[in-house]
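Keep in mind that the numbers below use all heavy atoms, side chains included, and drop hydrogens, waters and symmetry copies.
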Amino acid sequence: MSPKAFSFILVLITTCIVVQPLHLGPDNLLRLWETLQLNYAYIFPIGLIIVILATVYCMSRPRKVYLVDYACYKPPQSYEMPLATFVEKNKPFLGDNKEAVEFVRKVVERSGLGQRTHFPPCFNRIPARATLEDCHEEARNTMFGSLDSLFKQTGLSPKDVDILVVNCSIFCPTPSLSATIVNKYKMRSDIKSFNLGGMGCSAGLISIDLARDLLQAHPNSNAVVVSIEVISSCMYSGSERAMLLPSCLFRVGGAAIFLSNKRKEKKRAKYSLMHLVRTHKGADDRAYNCIKQMEDSEGIVGVSLSKNLTAIAGDALKTNITSLAPLVLPASEQLKFALAFIGKKFINPKWKPYVPDFKKAFDHFCIHAGGRAVINEMQKALKLTDEHVEGSRMALHRFGNTSSSCLWYVLSYSEAKGRMKKGDRVWQIGLGSGFKCNSAVWKCLRTIKTPVDRPWNDCMDSYPVDIPQ
């Protein structure tokens, strides 16, 4: 039984118990009171039932999960690399293959990325190559940089972290990345730590979902989620086009998020988690294989991106919003959506599905900044304006595709622009290999002032920029 249904039944029973005696006259009420005084065998079971029902109700209510604050990693300026330099760095791998060189050049020019995105230091070698230690170094810099900022911003002590969830898709060393964090910050021995790997760019919201479930099971607890990707481990030295794309789009980035179910944290929390809906299309072979780590024809390992990626992402989004829509849309939009669904299923399968107007449910849209084509597809599917996807386009331009952490750079953009007001609703949409589409809905608890020390501070005045389509 859902908490809402249980609440309704409990209120109904309580109402009946309270209202029924009101229909009796004064004399009957007096006789009833005298009877109850003499009949303790009747009073005790009724009272016990009420106490049990009230206790079960209180225990079954889902605990509120608050997003107290978060921090995005800002790599040092030495990590910045202009696009033309990146193309030159790829030439040793591509050799005399002029078509591949031209392909890389065209992709980066049309990618929507700017001239100040970040690569790890190993990309500056000639030829570029990454060792295991390079991967460890990048992971440590990204995780510790994000966490140091988070602990400084919130005053949270590492000893006060009860739950730790870390996600990184490609790089999964032993000891794990979560163990690396526990060791660095000397966290408690009873901390509940988890390390998620291989779940792609959508793993950020999967980690939030896991942390939420753990906070439901453990009262009065703090959780920290760390979302990163290690670009050094994704370096591809071949020439196949489908496997050159990730290097053209992915950049260094990470985020650390502080969640809590403690009531006292509500006073300073930025957001409250309202809903989280996950969709997995892995049963479809086409969706399963659209993003895949594999060897090319020469045995060189890389990540391959399918040409059908944007179409598959759009299909996954449609499935996801079918579950999300009833939770967030106003009644008028739900009715239109339901009628269109029934008509398509039972009257005419050729009917076009009704796309609800999500602008009536949300004030801010944080779409996965996976690439210009992905953002355009999401904008088209949801019928959003350029202003609604401005944050995603600007995050892609300034920081590139930072994988599972990119949604936090997008959210940080809206905060830096001073657009986040109390009561606003935020929709985060994560997309990733598998293929998965995940949605998180947050409610802003207070008007957020322009942050002082955040990743956009050194460039906010120059954004938004015009990005040629």
Quiz prompt | Lys262/Glu265 under salt bridge (Lys or Arg N to Asp or Glu O under 4.0 Å): CA gap, chis, key distance, verdict | solution = CA-CA 6 Å; Lys262 295 183 178 182; Glu265 295 294 357; 5.7 Å; no
Quiz item: Does the side chain of Asn376 pick up a donor-acceptor pair with the side chain of Arg393 at under 3.5 Å?
Solution: yes
Practice problem: Identify the residue among His275, Met274, Lys270 that makes a side chain to side chain contact (heavy atoms under 4.5 Å, CB included) with Lys443. | Solution: Met274
Quiz item: After noting the C-alpha distance and the side-chain angles of Gln153 and Arg454, does the key distance pass the side chain to side chain donor-acceptor pair (under 3.5 Å) rule?
Solution: CA-CA 10 Å; Gln153 291 166 199; Arg454 296 298 163 93; 3.2 Å; yes
Exercise. Might you point out which heavy atoms bring Ile228 and Gly254 nearest each other, and give the distance in Å?
Key: CG2-CA, 4.0 Å
Quiz prompt | Whether Ser221 side chain and Asp162 backbone form a donor-acceptor pair below 3.5 Å | solution = no
Quiz prompt | Minimum side-chain heavy-atom gap Trp442-Leu273 below 4.5 Å | solution = yes
Quiz item: Are any side-chain N or O atoms of Ser412 and backbone N or O atoms of Trp408, one a donor and one an acceptor, separated by less than 3.5 Å?
Solution: no
Quiz prompt | Basic-acidic side-chain contact under 4.0 Å: Arg372, Glu109 | solution = no
Please set out all donor-acceptor pairs under 3.5 angstrom arising from side-chain atoms of residues 169-177, sequence neighbours excluded.
from	atom 1	to	atom 2	distance (Å)
Ser169	OG	Gly200	N	3.1
Ser176	OG	Ser178	OG	2.9
Ser176	OG	Ala179	N	3.2

Practice problem: Mind listing the closest non-hydrogen atom pair of Val225 and Ser207 along with its distance? | Solution: CG1-CB, 3.5 Å
Exercise. Using modelled atom types only, decide if a donor and an acceptor are shared between the side chain of Asn438 and the backbone of Gly430 within a distance under 3.5 Å.
Key: no
Exercise. Look only at the side chain of Tyr236 and the backbone of Glu240, and say whether a donor-acceptor pair between them is shorter than 3.5 Å.
Key: yes
Quiz prompt | Exam field: side chain Ser462 to backbone Cys459, donor-acceptor pair closer than 3.5 Å | solution = yes
Practice problem: Decide yes or no for His368 and Ile375: does some side-chain heavy atom of the first lie under 4.5 Å from some side-chain heavy atom of the second? | Solution: no
Quiz prompt | Under 3.5 Å donor-acceptor, Ser433 side chain and Phe435 backbone | solution = no
Quiz item: Checking salt bridge (Lys or Arg N to Asp or Glu O under 4.0 Å) for the pair Arg398/Glu80: CA distance, chi angles, key distance, verdict?
Solution: CA-CA 10 Å; Arg398 178 63 186 89; Glu80 294 180 4; 3.5 Å; yes
Quiz item: Are any of the side-chain heavy atoms of Tyr463 and His397 separated by less than 4.5 Å?
Solution: yes
Quiz item: Taking atom types as modelled, is there a side-chain donor on Asn141 or Tyr73 under 3.5 Å from an acceptor on the other?
Solution: no
Practice problem: Check the side chains of Glu138 and Tyr79 for a donor-acceptor pair under 3.5 angstrom, ignoring hydrogens and angles. | Solution: no
Practice problem: Scan Leu164, Val166, Leu210 and name whichever one has a side chain to side chain contact (heavy atoms under 4.5 Å, CB included) with Phe194. | Solution: Leu210
Quiz prompt | For Met235 against Ala130, the heavy-atom pair lying closest together | solution = SD-N, 4.0 Å
Self-check item: Flag side-chain contact, heavy atom, 4.5 Å: Ser272 against Lys64
Solution: yes
Quiz item: Should Tyr70 and Phe258 be marked as a ring-ring contact (aromatic ring centres under 6.0 Å, His included) after you check the CA-CA gap, both sets of side-chain angles, and the distance that decides it?
Solution: CA-CA 6 Å; Tyr70 64 96; Phe258 173 22; over 10 Å; no
Quiz item: Step by step, would you call Val426 with Cys444 a side chain to side chain contact (heavy atoms under 4.5 Å, CB included)?
Solution: CA-CA 8 Å; Val426 182; Cys444 186; 5.5 Å; no
Quiz item: side chain to side chain contact (heavy atoms under 4.5 Å, CB included) between Leu327 and Val277: does it pass, once the steps are laid out?
Solution: CA-CA 10 Å; Leu327 302 174; Val277 177; 3.9 Å; yes
Quiz prompt | Polar side chain donor-acceptor pair, Glu390 to Tyr413, under 3.5 angstrom | solution = yes
Exercise. Working to the nearest 0.5 Å, report the span between CG of Asn222 and CG of Asp160.
Key: 6.5 Å
Self-check item: Flag side-chain contact, heavy atom, 4.5 Å: Leu147 against Val226
Solution: yes
Quiz item: Under 6.0 Å from the NZ atom of Lys192, do we count more than 12 heavy atoms belonging to anything else shown?
Solution: yes
Quiz prompt | For Lys436 against Ser202, the heavy-atom pair lying closest together | solution = CE-OG, 3.2 Å
Quiz item: Has Phe144 got more than 12 heavy atoms of other residues, nucleotides or ligands less than 6.0 Å from its CZ?
Solution: yes
Practice problem: Would you name the heavy atoms of Ser227 and Asn167 that are closest together and state the gap between them? | Solution: OG-OD1, 2.6 Å
Quiz prompt | Arg268 side chain vs Lys264 backbone, donor-acceptor pair below 3.5 Å | solution = no
Exercise. Would you verify whether the NZ or CZ of Arg110 falls within 45 degrees of the ring axis of Phe103 while also being under 6.0 Å from that six-membered ring's centre?
Key: no
Quiz item: To the nearest 0.5 Å, how far apart are CD1 in Ile257 and CG in Leu150?
Solution: 8.0 Å
Self-check item: Side-chain donor-acceptor contact under 3.5 Å, Ser439 with Trp427
Solution: yes
Quiz item: Any chance CZ of Arg188 has more than 12 other-residue heavy atoms, nucleotides or ligands included, within less than 6.0 Å?
Solution: yes
Quiz prompt | Non-hydrogen atoms of Gly400 and Thr117 that approach each other most closely | solution = N-CG2, 3.7 Å
Quiz item: Between the side chain of Asn261 and the main-chain N/O of His218, is any donor-acceptor distance below 3.5 Å?
Solution: yes
Quiz item: Is it the case that Tyr271 and Asp69 place a side-chain donor and acceptor less than 3.5 Å from each other?
Solution: no
Exercise. Report yes or no: do Gln379 and Asp386 form a side-chain donor-acceptor pair below 3.5 Å?
Key: yes
Self-check item: Any side-chain heavy-atom pair of Lys421 and Asp363 under 4.5 Å
Solution: no
Quiz item: Does any non-hydrogen side-chain atom of Met143 lie less than 4.5 Å from one of Asp148?
Solution: no
Exercise. Look at the side chain of Asn401 and the backbone N and O of Phe250, then say whether any donor-acceptor pair between them is shorter than 3.5 Å.
Key: no
Show which side-chain atoms of residues 302-315 pair as donor or acceptor with protein atoms under 3.5 Å away, not counting sequence neighbours.
from	atom 1	to	atom 2	distance (Å)
Ser306	OG	Asn308	N	3.0

Exercise. Say whether, by atom type as modelled, one donor and one acceptor occur between the side chain of Gln115 and the main chain of Leu83 under 3.5 angstrom.
Key: yes
Quiz item: So does Lys359 have more than 12 non-hydrogen atoms from other groups sitting under 6.0 Å from NZ?
Solution: yes
Self-check item: Sub-4.5 Å side-chain heavy-atom contact between Val328 and Phe358
Solution: yes
Quiz prompt | Ion pair check, Arg278 and Asp209, cut-off under 4.0 Å | solution = yes
Self-check item: Rounded distance [0.5 Å steps], CG in Leu382 versus CE in Met378
Solution: 7.0 Å
Practice problem: For the pair Tyr409 and Phe399, name the ring-plane relationship: parallel under 30°, tilted 30 to 60°, perpendicular over 60°. | Solution: tilted
Quiz prompt | Short side-chain donor-acceptor distance under 3.5 Å, Thr322 and Thr319 | solution = no
Practice problem: Output yes when Lys380 and Glu377 qualify as a salt bridge under the 4.0 Å nitrogen-oxygen rule, no when they do not. | Solution: no
Quiz item: Do Asp424 and His364 have side-chain atoms, one donor and one acceptor, less than 3.5 Å apart?
Solution: yes
